[in-house]
Amino acid sequence: MTLIKRMLACGMAAALAVLGAAAPAAAAAPRVEDLGVPLEDVLLIGGVVAPGPGGRTVLWGASSGTPAHLNAVDPATGAEVARYDLPGAGGSWAVEATPDGSVYAGTYGDGRLYRWTDQGGVQDLGRPLPSENFIWSVAAGAGATVYGGTSPGGRLFAYDPATGVRDYGKLSPAHAYVRSVSYADGKIYAGTEAPAAVFEIDAASGASRQLPTPEGLDPAGKWAYDVNVAGGFLYVRYGGASPGPMHVWDIAAGKWTGALDAVHGLDVSPPAADGAVYLVKSGELVRYDPRTQATTPTGLPFTGRVANTRGIGWAELGLPDYPGKSVVGLLWRGLMFRYNPQTGAKSFVQTAVRGEPIDVTALAEGPDHRMYAGGFLNGGFAALDPKTGQRTQFHTFSQSEDMIAHDGKLYIGAYPEARVYAYDPALPWNSTEYSPSPEPGPAPNPARLFDFAADKQIRPRALVSAGRYLAAGTMPDLGQLGGVLAVWDPRTGTLKHAQRNVIPDQSIVSLAYRDGVLYGGTSIYSGQSATPPTQPEAKLFAWSVQENRLLWEIVPAPGKPAVPALTFDDRGRLWGIAGGEVFAVSTTARKVVSRVTLSDSRSAGGQLAYNRRDRTLYGAHAGQDVFSLDPRTGRHAVLRQGPVLQLAVHGSGDVYFAEGPRLFRLTRQQTR
């Protein structure tokens, strides 16, 4: 090594040491403006039709929120009959009524089980299995007994108020999810994730066997998403959240006897007197007779992307056009449907189920300079006036993974299936997939451009404007590793390039662009936490847009599992965050040239954005705080402590960030 090179190396090492040890800057605590909750809507997942308070039949539905709630709705009017907190739960896929009159809710977030009785209200029964944080399905057994299926351990349990919890153990060594559960005549039926398997378990002995796969069905890539026992038949819907094939197992005969295409979940109705059930098929409520395999349409339509029932059953409505018992049920946004087999009367009624605040999962400045927010799970899409901070519009929409403005439109990455949409704020909103009653229009807005379901992708976690192109990076679905790097050409309406495993077995979770080159940050994780990683640490890579090829890759933060955010400063340095480290990369030298240590965190989350107004970096660090960092000196300061996961800088210099469902703002004067 020459003397000059040694001097440069020593100088660089000294600079790195100084930046890494920089003490937080002394600064007065900024005044933070609380902008309230931009996203609020109803999300019902689990539900059942069963007796409620005073013994009257109600529609039970669990609404997601903080906390979740168990709602009882009058099927004749849609009015609220009762509403109960489920403390400690974020929501519930699993609501069921047992013969003794109890209603159970198995929840996610902490994997808790709750029991409602008319005499005692809601009782928190705790976590039936301490290792499990998600109860996917519960099924009524005899008396007050309920059976449940879980993840991430793929376990089956029973709960009896008289005897407590029974752990049946892990159902299958090859599966991490018991996704669906039903019960009849001493047997428990349980379905798993892909490759789809259905098990029959003897409730008394615990002995189990796997049912044969229906002839002609390939279980690879499919879940046994819904299993329902009704009138001596087991109905199994294969696939996922979207419509898929349903196969019918004759329990007495021990064989598959029927099949239907394009069936929606999540349930089929209890059988009518003649054994027929009602379910949603190809966007319509239909009657299905398992003995004759005849399907009869009702003329009751179900539109939009999510047309799954959230509980379906029978109720006497006492209305003139609805004599005797009618088929009733809930839909995911709180809409109630009804159908009377005698008269053919049918209707939809908006219920009084209350909306809940939605956690913000994406923030971006739009092409119209409004701030846009997208939400978790039940999604939602809101625009905010940057001058007042007030919400100026709200629409029902999918869960948003990322948003970016490009060439006059706002591009949105949506979960699942790694879908990407373009929204033109100059045109009316017209979502045929998500609006309850979409207005007629010349074209959808947002318009769905492409997805990567065929590549087993689930989350388009990273979007960036790349010259004339839009670039996207994705995370794969359960059991998969390796994301897709895609380049979309809005002028031609086609993908210029899409390639999986640019960095083998790593997802692409952040992107930046400069002078014809995409820079990507990776994560060793899949888009579903149950998938074990194969790689030890995240990488940073450079990709030529013109040549469609990888230019180089480095490990910018040894030992860190993800590089969740990237941004350029005004000197052309590329900055990234990884766990508790913020680093700067010289893209010409292809190496880290500055490093600032905030903590020893190995979190896979984090945000980082450069504010050109005050030439300062702002970030969200490991869900712990909001910080500012001077890219010239490395001096940094904590601006606010709290569980911040989303952050964006507006062109005005204002900094927006979210703590769960609440949105906050630091004005430019405050951040100088």
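Numbers here simply count residues along the sequence, with the first being 1.
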Lys222 atom NZ, neighbour heavy-atom count above 12 within 6.0 Å: yes

Restricting to non-hydrogen atoms, name the atom on Ile458 and the atom on Pro460 that form the minimum distance, rounded to 0.1 Å. O-CD, 3.9 Å

Is any side-chain heavy atom of Pro476 less than 4.5 Å from a side-chain heavy atom of Ser507? yes

Are the charged groups of Glu417 and Arg305 less than 4.0 angstrom apart, N to O? yes

Nearest atoms (heavy-atom pairs only) where Arg419 meets Ser398: NH2-OG, 3.0 Å

Please give me the minimum heavy-atom distance between Ser180 and Tyr225, naming the atom from each residue. CB-O, 3.4 Å

Nearest 0.5 Å please: distance from the CZ atom of Arg237 over to the CG atom of Asp226. 4.0 Å

Over all atoms of both residues, closest heavy-atom pair of Trp136 and Ser151: NE1-OG, 2.9 Å

For residues Ser64 and Asn378, is any side-chain donor paired with an opposing acceptor at under 3.5 Å? no

Could you check whether any side-chain heavy atom of Glu132 comes within less than 4.5 Å of a side-chain heavy atom of Pro152, counting everything from C-beta outward? yes

Taking the side chain as C-beta and beyond, is there a heavy-atom pair between Leu666 and Val32 under 4.5 Å? yes

To the nearest 0.5 Å, what is the distance between CH2 on Trp93 and CZ on Arg310? 6.0 Å

Between Arg338 and Ser347, does any side-chain donor sit less than 3.5 Å from a side-chain acceptor? yes

If you apply the rule side-chain contact (heavy atoms from CB on, under 4.5 Å), what do you find for Leu35 with Arg391, and how did you get there? CA-CA 9 Å; Leu35 302 180; Arg391 189 175 80 180; over 6 Å; no

What residues, two or more places apart in sequence or in another chain, satisfy ring pair (Phe, Tyr, Trp, His ring centres under 6.0 Å) together with Phe627? none

Parallel, tilted or perpendicular: rings of Trp60 and Trp116 (30°, 60°): tilted

Check whether any side-chain heavy atom of Lys560 sits under 4.5 Å from a side-chain heavy atom of Arg602, and report yes or no. yes

Would you say Gln641 has more than 12 foreign heavy atoms packed within less than 6.0 Å of its CD? no

Determine the interplanar angle of the Trp223 and Tyr177 rings, folded into 0 to 90°, and report it as parallel if under 30°, tilted if 30 to 60°, perpendicular if over 60°. perpendicular

How would you list all residue pairs meeting salt bridge (Lys or Arg N to Asp or Glu O under 4.0 Å) that involve residues 65-81, not counting sequence neighbours? Arg56-Asp74, Glu80-Arg354

Residues Gly111 and Ile135: closest non-hydrogen pair is O-CD1, 3.6 Å

is_close_aromatic(Phe397, Tyr421), centroid dist under 6.0 Å: yes

What distance separates Tyr415 OH from Leu377 CG, expressed to the nearest 0.5 Å? 7.5 Å

Test log, rule side-chain contact (heavy atoms from CB on, under 4.5 Å), inputs Leu43 and Glu356: CA-CA 8 Å; Leu43 175 63; Glu356 306 276 359; over 6 Å; no

Kindly compute the distance separating CG (Leu266) from OG1 (Thr309), expressed to the nearest 0.5 Å. 6.0 Å

Can you list every salt bridge (Lys or Arg N to Asp or Glu O under 4.0 Å) pair that touches residues 360-389, not counting sequence neighbours? Asp368-Arg370

Nearest heavy atoms of Phe348 and Leu335, plus distance in Å: CD2-CD2, 3.8 Å

Kindly indicate whether the side chain of Tyr114, heavy atoms from C-beta on, has any atom under 4.5 Å from the side chain of Pro87. yes

With the side chain counted from C-beta on, respond yes when Gln480 and Thr531 share a heavy-atom pair under 4.5 Å apart, and no when they do not. no

cation_pi(Arg640, Phe664) dist<6.0 Å, angle<=45: yes

Distance alone, cut at 3.5 Å: any donor-acceptor contact between the side chains of Ser431 and His395? no

Would you please indicate if the ring centroids of Phe302 and Phe337 are separated by under 6.0 Å? yes

I'd like to check Leu645 versus Phe376 (side-chain heavy atoms, cut-off strictly below 4.5 Å). Are they in contact? no

In plain terms, say whether Glu193 and Arg179 are close enough for a salt bridge, that is, a side-chain N and a carboxylate O under 4.0 Å apart. no

Check: Tyr411/Ser465 side-chain N/O donor and acceptor closer than 3.5 Å: no

CG-OG1 distance between Asp451 and Thr474, expressed to the nearest 0.5 angstrom: 11.0 Å

Any non-hydrogen side-chain atom of Val280 less than 4.5 Å from a side-chain atom of Ile312? no

Verify whether the ring centers belonging to Phe381 and Tyr434 lie closer than 6.0 Å. no

Output for pair (Leu279 CG, Asn228 CG), nearest 0.5 Å, gives 9.5 Å

